[in-house]
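Take a look at the structure below.
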Number of protein chains: 2
Amino acid sequence: MEQRCENCIVRQFNSLRAMSKEELKKVSDSKTTKVLKKGEALFEEGEKLNGVYCVRGGVSKLSKLSPNGKDQIVKLATKGEVMGQRAIIAEEASNLSAVAVSDMEVCFIPKDSIATTLQKNPNFTMEVLRHMAHDLKEADDVIVNMSQKTVKQRIAEAFLYLKNNFGETEEGFLKLTLSREDIANVVGTATESAIRIISEFKKKGLIRSSGKQIGIVDERKLQDLAEGF
Amino acid sequence: MEQRCENCIVRQFNSLRAMSKEELKKVSDSKTTKVLKKGEALFEEGEKLNGVYCVRGGVSKLSKLSPNGKDQIVKLATKGEVMGQRAIIAEEASNLSAVAVSDMEVCFIPKDSIATTLQKNPNFTMEVLRHMAHDLKEADDVIVNMSQKTVKQRIAEAFLYLKNNFGETEEGFLKLTLSREDIANVVGTATESAIRIISEFKKKGLIRSSGKQIGIVDERKLQDLAEGF
DNA sequence: GTAATACTATGATATATATCAGGTTTTGGG
DNA sequence: CCCAAAACCTGATATATATCATAGTATTAC
């Protein structure tokens with residue numbers, strides 16, 4: 001696989017595309033590549049990061065522990081996304097933990113290369129800003145979903161999200177396979193409740209499953225359900 | 001009251017402090033001041049903004065209508081905060097509505113002055129970025145609260161938030177008075193449920209009230225409650 | 001000053017969801 | 001291949017919260 005940032009396609013999806021050739025070169029020289037197995041942690045909530053992680057492949061969950069001991073997944077980061085940016089910019093410890101939910105390959109980029117580029121290249125800063133503006137909007141949407149939709153609606157929505165963002169295999173199964181617990185933590189409910197509703201969806205013919213894999217059968221009905229019909 | 005941005009104290013609280021003298025002058029020349037009565041709308045969800053609003057006084061709720069017809073308040077913006085930034089940066093229509101919850105005075109700053117400064121002054125861009133990073137973290141916290149805490153916990157938390165962010169009067173009442181409906185919309189519950197829990201808090205001596213005003217009596221216990229004891 | 005309208009309050013009931021407890025099935029390491 | 005551990009499933013029950021209904025109480029408008 002391509003080892004230089006300058007030639008990395010992943011870069012096209014994130015704010016690094018606004019970097020100049022020289023800046024990219026510096027980043028590329030200072031970066032290190034890391035391979036993670038499903039389940040391995042990249043960083044923990046409260047940890048001070050000294051760089052950001054650019055996802056080359058695989059998916060990571062970004063979650064936050066609530067006082068009652070449950071883990072709330074706030075975002076799933078995939079190819080092209082940069083994790084840890086927020087903490088670096090705010091000069092704070094990370095407010096989230098990152099754990100791989102599939103095997104991953106990520107590049108670690110030390111804080112310095114990012115910080116100096118932020119100071120010197122307004123285009124880059126602006127690009128980062130745009131991405132953050134987008135994330136903020138998504139977070140607002142999640143807040144509304146959490147407070148106004150039922151668990152059933154949120155689970156239906158989650159499946160559609162998984163399809164739209166991570167795609168399907170040839171046989172029509174969701175490419176990203178999450179455990180029931182992870183699904184529960186995405187929608188903010190108890191694992192048992194998530195399991196029950198998933199079974200119900202299966203019985204109703206909205207989804208099907210084969211082992212761990214889940215396939216969407218009736219997208220239209222799922223959509224309606226998510227919207228409250 | 002001071003009419004020039006260059007001398008406006010409010011500016012110290014927001015990203016405008018990173019502007020140069022000349023930039024501020026331009027902003028000041030192009031801005032217009034607006035006075036709003038409690039209940040009046042500043043902009044609506046889906047509306048295309050052609051500028052941002054800088055709050056000089058009073059408080060505005062930023063909310064989003066959910067498909068089921070309920071309004072979820074995502075943020076309360078007060079003195080010094082800039083509203084509409086996210087939409088301008090992302091070049092999208094606003095995802096939120098802004099309505100005054102107390103009498104307000106705001107300055108409207110046309111998009112152009114902001115956009116050109118964003119292009120030319122990296123310090124300003126960086127400052128905006130820092131603010132947005134902060135907002136994003138807060139949004140993540142709200143997501144976790146929404147999904148993991150009970151309504152009772154969230155209401156307790158809301159009162160503490162109101163005290164810490166908007167202060168108390170001489171007599172020990174919260175300066176910002178919200179209707180029960182607004183409180184319900186902040187914590188994401190039905191108005192009746194909010195009313196019930198507020199009555200309960202009163203009975204238990206955690207808060208007191210006089211007309212519309214609410215005063216915090218036992219902050220410690222409220223805190224404990226919010227954390228789940 | 002009175003009518004109309006919004007806001008607050010409280011009870012009764014229904015419902016969604018969490019929790020607890022017991023299973024079965026699947027998975028991965030030795 | 002087997003065993004232990006993890007993941008999944010299902011039932012019974014408890015609980016929080018929404019919803020519906022009704023009434024009192026402020027606020028505003030005429």
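Each chain gets a letter, A, B and so on, in the order its sequence line appears, and its residues count up from 1.
- Between A:R180 and A:E192 there is no salt bridge, since no side-chain N of the basic residue sits under 4.0 Å from a carboxylate O of the acidic one.
- Summarising the geometry, the separation between CZ on A:R180 and C1' on D:dC9 is reported as 9 Å, rounded to the nearest angstrom.
- An angle of 40°, rounded to 10°, separates the two end axes of the helix from C:dG1-D:dC30 to C:dA21-D:dT10, each defined over five pairs.
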Salt bridge (Lys or Arg N to Asp or Glu O under 4.0 Å) between B:K61 and B:D182, intermediate numbers included: CA-CA 9 Å; B:K61 60 179 172 185; B:D182 278 338; 2.9 Å; yes
Tabulated below should be each protein N or O lying under 3.5 Å from an N or O of nucleotides 24-30 of chain C; please produce it.
none

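- Annotation: cation-pi geometry not satisfied between A:R196 and A:F201 (NZ/CZ under 6.0 angstrom from ring centroid, within 45° of ring axis).
- With contacts defined as side-chain heavy-atom distances shorter than 4.5 Å, the pair B:C107/B:K34 does not qualify.
- Cation-pi check for B:R154 over B:Y161 is not met; the charged atom does not lie both under 6.0 angstrom from the ring centroid and within 45 degrees of its normal.
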Sugar-phosphate or base contact per nucleotide [nucleotides 10-18 of chain D; S, B, -; heavy atom under 4.0 Å]: BBB----SB
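- For the residue pair B:Q72/B:S66, the side-chain donor-acceptor check at 3.5 Å is not satisfied.
- The nearest whole Å value for the distance from the CD1 atom in A:I207 to the P atom in D:dC8 is 13 Å.
- Between A:C54 and A:V10 there is a side-chain heavy-atom pair separated by less than 4.5 Å.
- The distance between atom CD of B:Q213 and atom P of C:dT8, rounded to the nearest whole Å, is 13 Å.
- Classification of A:K204 and A:D218 as a salt-bridged pair fails, no side-chain N sitting under 4.0 Å from a carboxylate O.
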A:K48 vs A:E92, salt bridge (Lys or Arg N to Asp or Glu O under 4.0 Å): CA-CA, chis, key distance, verdict: CA-CA 7 Å; A:K48 224 175 160 196; A:E92 295 167 351; over 6 Å; no
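- Note on ring orientation: taking the six-membered ring where Trp is involved, the planes of B:Y53 and B:F108 are tilted (angle from 30° to 60°).
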